[in-house]
Participant: 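What follows is a structure written as structure tokens; I'll ask about it next.
The figures here come from the full heavy-atom set of this structure, side chains too, leaving out hydrogens, waters and symmetry mates.
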Amino acid sequence: MRSSITTVLIMSLSLAACGSRAAESPRRLPTAPGTSAAVRLDTHLLVDQFGYRPDDPKVAVIRNPRVGYDSADHFEPGTTYEVRSVTDNAVVFSGHPDAWHYGELQASSGDSGWWFDFGTVRTPGTYFVYDVQRGVRSATFVVGQDVYKPILRAAVRMYFYQRSGFSKRPPHAPACWADEPAYAGPGQDTEARDITDRDNKAKARNLSGGWFDAGDTNKYVTFAATAVHQLLTAYEQSPAVFSDDFGIPESGNGVPDVLDEVRWETDWLKRMQYPDGSAALKVGEIVDATGTAPGQDRKPRFYVPSCTSATIAVAGMLAHAALVYGTVEPLRNEGADLKTRATSAWRNFQHTTLQTQCDNGTVRAGIADWTAVDQAGEAVVGAVYLYALTGDAQFQDYVKAHYRDVRSYRDMGWSRYNAEQGEALLYYTTLPNADAATKTAILADKAADVSAGNQIYGFKPRDDLYRAYLHDAQYHWGSNGLRANYGNSNLDIGTYHIQSDAQLDYRTRALEILHYFHGVNPFAMVYLSNMYEQGATRSANEIYHTWFWQDSKWSNALSSQCGPAPGYVPGGPNADAVKNGVPSSLMPPAGQPPQKSYRDWNRAWPQSSWAVTEPGIYYQSAYVQLISRLASGDSRPASGTAGQHDTGPPAAGQRDAAKPDSAPASASKTAPARAPAWVYHKGTFYWPGDYSFSAKALYADKTGQTVSGSNSIKVLVTGPWGGFLPYARNWDFDARGYAYLTFSLKPTVPSQKLQVFFEKVGDVPVGKVVDPLEYGPAPVVGQWTTYKIPLSDLGVTGIHIYKFAIQDETGLENNVFYLDEIGFLPPDP
């Protein structure tokens, strides 16, 4: 049976093969490594095609298409799945797939499916997931601490390929993507004309350099803001992963290569700035450039002159760059220059009437104006970095008065859109001289956003079959940028020490978003272009780009001579593709569930693939920031990953991957439990979340004077008979090998009463309801008491369970009690 990705691949190849040049010297997929070559690949079995860090969660998704263009491509998994080594075909792990949400159809993808958790596979190596009954495998993947660093390198190098006015030649650019400096000819960027006075030679300006914005080769000051700020923030957050050896011409100069790339852009921003501090808005052509390498394009170039949108954007970008450059010895003098320029831009902005209609679209293609609201938000960004840079009180006063002007206060998710605005506020809270009240308010507002229950924060298994939930409304033009920013917003919880429940769940959310980019999605496709040499089994073969044009040698990674350059993040699934110009007859992307509103193709009007596959420097920066934070060598484990802590539970029914065994595990055999399976231990919540009823559980409470660690759980009972109800990872905890449920209790009312009960998948009660207080001393107000309840008394010995409740039996409308050290204990020695 043909898999869904194969269908899309064939559709892509048939489109790309229409031109003669595309088909002359087609490229080929790399040979499957080692023993995997002898096993048939099935793209219903989804893994991160690059791999996983040893201590991170590892869950394969098995998809069964039911709605959409691939609805006939059904798949039913076998009962036994294995993880096998590519080197010698050894079975290092065996288990069973579990139905996602009781086999329910997920509307946003049109699929149902299963999850196969192999989180205990931590030994470095190359593996694949194998369906024993079906005799098929997943893509191969690597387990290793530095598995994401080569992918980060490729993603950062996208900016090198996007450079304007710079020669791209071997060894820094392979021959396939070699090009002469773009727009360096007569009447082009070195002598661009003012579009409002195009015959006036006196206004010609050298505006060379900078990055092409997206699939077009125009350059926009305003559109650069997100990319510049996010790359600088990414470096500040994870400097260790941004080395000086990414293979660009500046490699080895003592400056991290990501900063060399940012400097290529800030050098251009300096050229866009006028002596009075204001800045021109954009540079480009008055007709679309298509079908040629940028270095061969001879069309004249024009600029849109100064505009307050560009001026305030320059103030923020140059101030932020000056801060970062000042920490790198070879860039300190440059940082001092940018400080002067940023201050000048700020001064000009403050004394110029706001302009919102500078761009009439004559210079193609995007309208670069910002609204008054957008400019107000970016002014806060500028003020934050100028205050950090200068210590001048005027900038702090501006932040105090205007911090609520940023996009974060008009949107859920804090940094989903205009990410640089929310990130600037969080950065402000780290400054030693930040106003205390403003800092407290910003952090409290971010925490309130986290607690709003908007499905943006934290990992919740029910949200998404593909484990990387995105609201349906966000499957619009450029959805991949939004998806990456969901991940970054979740990671900010830990970076800025935002107090919230189950903090490690936020890291899991970010990791799963990264896995979505790397192939755990309905297309079984890596959402980066031409990544086969970096280890992808299925990668985006086409992107909309005027350089990598349809039917050219760059059109398709498999059927044309070269394909697009590696590492570009395409725009992503777009449920509004038809509204954005894609024909309704072209399915996909038309007529699909949101997650399937994508097509791997590159066609101009009337197919208008730019609405789906066009890259952008801002989608790229969101992804670069995300992967750099997860590749940074920070090996803190993510929430709910069974078996990754010395004190954590081994995954249900699974064997220790550190001791491979060539024989599959029998369903009736269970490895002995060697350590407690903690639900909550030393201030960390190891399960994914809770469905508490008439109660709220606060996992990071410090008022209860904990049994161990820095936090305990504070249970706020809001109605009679409310209770704490945690649920297991994948709704499945294997109680085999354990003999007791234990927890510590501290009540706040006399005569505290409780009961404990369990449920299986489907909310089916199992076992007996037990009074836990019969298994220890009577509880005392303000004191901790530990209870150890035999699972045999609860009636749940040797079975799989979904969740359990610790329920208040006082009957009070409001009550508070504290819990700590909750877990399952092995039999007594």
Participant: Using ring pair (Phe, Tyr, Trp, His ring centres under 6.0 Å) as the criterion, list what pairs up with F223, not counting sequence neighbours.
Facilitator: Y220
Participant: Below 4.0 angstrom, N of the basic side chain to O of the carboxylate: do R364 and D216 qualify?
Facilitator: no
Participant: How about Y385 and Y427: are their ring centroids closer than 6.0 Å?
Facilitator: yes
Participant: Could you check if a side-chain atom of F160 sits within less than 4.5 angstrom of a side-chain atom of W177, using non-hydrogen atoms only?
Facilitator: no
Participant: Kindly say whether S208 contributes a backbone atom to a donor-acceptor pair with the side chain of R271 at under 3.5 angstrom?
Facilitator: yes
Participant: side-chain hydrogen bond (donor to acceptor under 3.5 Å, both in side chains) between Y428 and T438: does it pass, once the steps are laid out?
Facilitator: CA-CA 9 Å; Y428 173 79; T438 305; 4.8 Å; no
Participant: Between CG of D56 and CG of L511, what distance do you get to the nearest 0.5 Å?
Facilitator: 4.5 Å
Participant: Can you tell me how the ring of H515 sits relative to the ring of Y148, calling it parallel under 30°, perpendicular over 60° and tilted otherwise?
Facilitator: tilted
Participant: Please step through side chain to side chain contact (heavy atoms under 4.5 Å, CB included) for the pair F349 and L354, ending with a clear verdict.
Facilitator: CA-CA 8 Å; F349 178 76; L354 210 63; 3.8 Å; yes
Participant: Could you check whether any side-chain N or O of S628 sits under 3.5 Å from a backbone N or O of Q625, counting only pairs where one atom can act as donor and the other as acceptor?
Facilitator: yes
Participant: Are side-chain heavy atoms of D492 and Q237 found at a separation under 4.5 Å?
Facilitator: yes
Participant: For the residue pair D449 / Y457, report whether a side-chain donor-acceptor contact shorter than 3.5 Å exists.
Facilitator: yes
Participant: Would you find a donor on one side and an acceptor on the other, under 3.5 Å apart, between the side chain of Y387 and the backbone of N433?
Facilitator: yes
Participant: Between R341 and L269, is there a side-chain heavy-atom distance shorter than 4.5 Å?
Facilitator: no
Participant: To the nearest 0.5 angstrom, please state how far the OG1 atom of T546 sits from the CG atom of D297.
Facilitator: 8.0 Å
Participant: Just do the side chain to side chain contact (heavy atoms under 4.5 Å, CB included) check on Y303 and D194 with the steps written out, would you?
Facilitator: CA-CA 5 Å; Y303 67 91; D194 183 341; 3.4 Å; yes
Participant: Return yes if some donor-acceptor pair links the side-chain N/O of S309 with the main-chain N/O of Q375 below 3.5 Å, else return no.
Facilitator: no
Participant: Just verifying a value: how many Å separate I442 CD1 and L425 CG, rounded to the nearest 0.5 Å?
Facilitator: 4.5 Å
Participant: Indicate yes or no for a side-chain donor-acceptor contact from Q188 to the backbone of K299 under 3.5 Å, with no hydrogens or angles considered.
Facilitator: yes
Participant: Is there a donor-acceptor pair closer than 3.5 Å between any side-chain N or O of Q421 and the backbone N or O of S408?
Facilitator: no
Participant: Between CD1 of I513 and CG of N490, what distance do you get to the nearest 0.5 Å?
Facilitator: 6.0 Å
Participant: Is there a donor-acceptor contact under 3.5 Å from the side chain of S539 to the main chain of Y532?
Facilitator: no
Participant: How about Y409 and W414: are their ring centres within less than 6.0 Å of each other?
Facilitator: yes
Participant: Okay, side chain of T308, backbone of Q355: is any donor-acceptor separation there less than 3.5 Å?
Facilitator: yes
Participant: To the nearest 0.5 Å, what is the distance between OG1 on T356 and CG on D374?
Facilitator: 10.5 Å
Participant: Do H545 and P615 touch side chain to side chain, with heavy atoms closer than 4.5 Å?
Facilitator: yes
Participant: Of the non-hydrogen atoms in P256 and V328, which two are nearest, and what is the gap between them?
Facilitator: CD-CG1, 4.3 Å
Participant: For A342 and A319, which heavy atoms make the closest approach, and how far apart are they?
Facilitator: CB-N, 3.5 Å
Participant: Is the distance between the ring centroids of W264 and Y159 under 6.0 Å?
Facilitator: no
Participant: Would you say the side-chain atoms of D179 pair up with the backbone N or O of K168, donor to acceptor, closer than 3.5 Å?
Facilitator: no
Participant: CG/N418 to CD/E423 distance, rounded to the nearest 0.5 angstrom?
Facilitator: 11.0 Å
Participant: What are the two closest non-hydrogen atoms of I456 and R509, and how far apart are they?
Facilitator: O-NH1, 3.0 Å
Participant: Show your reasoning for whether side chain to side chain contact (heavy atoms under 4.5 Å, CB included) applies to V255 and E250.
Facilitator: CA-CA 8 Å; V255 175; E250 296 85 355; over 6 Å; no
Participant: Report yes if some heavy atom in the side chain of V363 is under 4.5 Å from a heavy atom in the side chain of R301; otherwise report no.
Facilitator: no
Participant: Flag the pair W346 / Q394 as yes when at least one side-chain heavy-atom distance between them is below 4.5 Å, and no otherwise.
Facilitator: yes
Participant: Enumerate the salt bridge (charged side-chain N to carboxylate O under 4.0 Å, His left out) contacts for residues 257-266, please, sequence neighbours excluded, ordered by first and then second residue.
Facilitator: R163-E261, R263-D267, R263-E334
Participant: Strictly below 4.0 Å, N to O, side chains only: are K219 and D189 in salt-bridge contact?
Facilitator: yes
Participant: Heavy atoms only: give me the nearest S632-R629 pair and the separation to one decimal.
Facilitator: OG-O, 3.0 Å
Participant: Using 30° and 60° as the class boundaries, would you call the ring planes of Y516 and Y527 parallel, tilted or perpendicular?
Facilitator: parallel
Participant: Check whether any side-chain heavy atom of K439 sits under 4.5 Å from a side-chain heavy atom of T429, and report yes or no.
Facilitator: yes
Participant: Have D213 and Y618 got a donor and an acceptor in their side chains that come within less than 3.5 Å?
Facilitator: yes
Participant: Distance only, no hydrogens: is a donor on one side chain within 3.5 Å (strictly under) of an acceptor on the other, for E614 and Y619?
Facilitator: no
Participant: If we count only N and O atoms by modelled type, under 3.5 Å, do the side chains of E378 and H229 hold a donor and an acceptor together?
Facilitator: no
Participant: Evaluate whether atom CG of D276 has more than 12 neighbouring non-hydrogen atoms of other residues, nucleotides or ligands under 6.0 angstrom away.
Facilitator: yes
Participant: Determine the minimum heavy-atom distance between N530 and C562, stating which atoms define it.
Facilitator: ND2-O, 3.3 Å
Participant: Measure across V624 and A155 and return the closest heavy-atom pair with its distance rounded to 0.1 Å.
Facilitator: CG2-CB, 3.9 Å
Participant: Using only atom types and a distance under 3.5 Å, with no angle test, would you say the side chain of R157 pairs donor to acceptor with the backbone of H172?
Facilitator: yes
Participant: Step by step, work out the side-chain hydrogen bond (donor to acceptor under 3.5 Å, both in side chains) result for N485 and Q230.
Facilitator: CA-CA 10 Å; N485 282 334; Q230 281 196 302; 3.0 Å; yes
Participant: Not counting sequence neighbours, which residues clear ring pair (Phe, Tyr, Trp, His ring centres under 6.0 Å) with Y274? List them please.
Facilitator: none
Participant: Begin from the C-alpha positions of Q273 and L318 and carry the test side chain to side chain contact (heavy atoms under 4.5 Å, CB included) through to its verdict.
Facilitator: CA-CA 11 Å; Q273 191 173 30; L318 296 190; 4.2 Å; yes
Participant: Is there a side-chain contact between R193 and K203 in this structure, where contact means two heavy atoms from C-beta onward sitting under 4.5 Å apart?
Facilitator: no
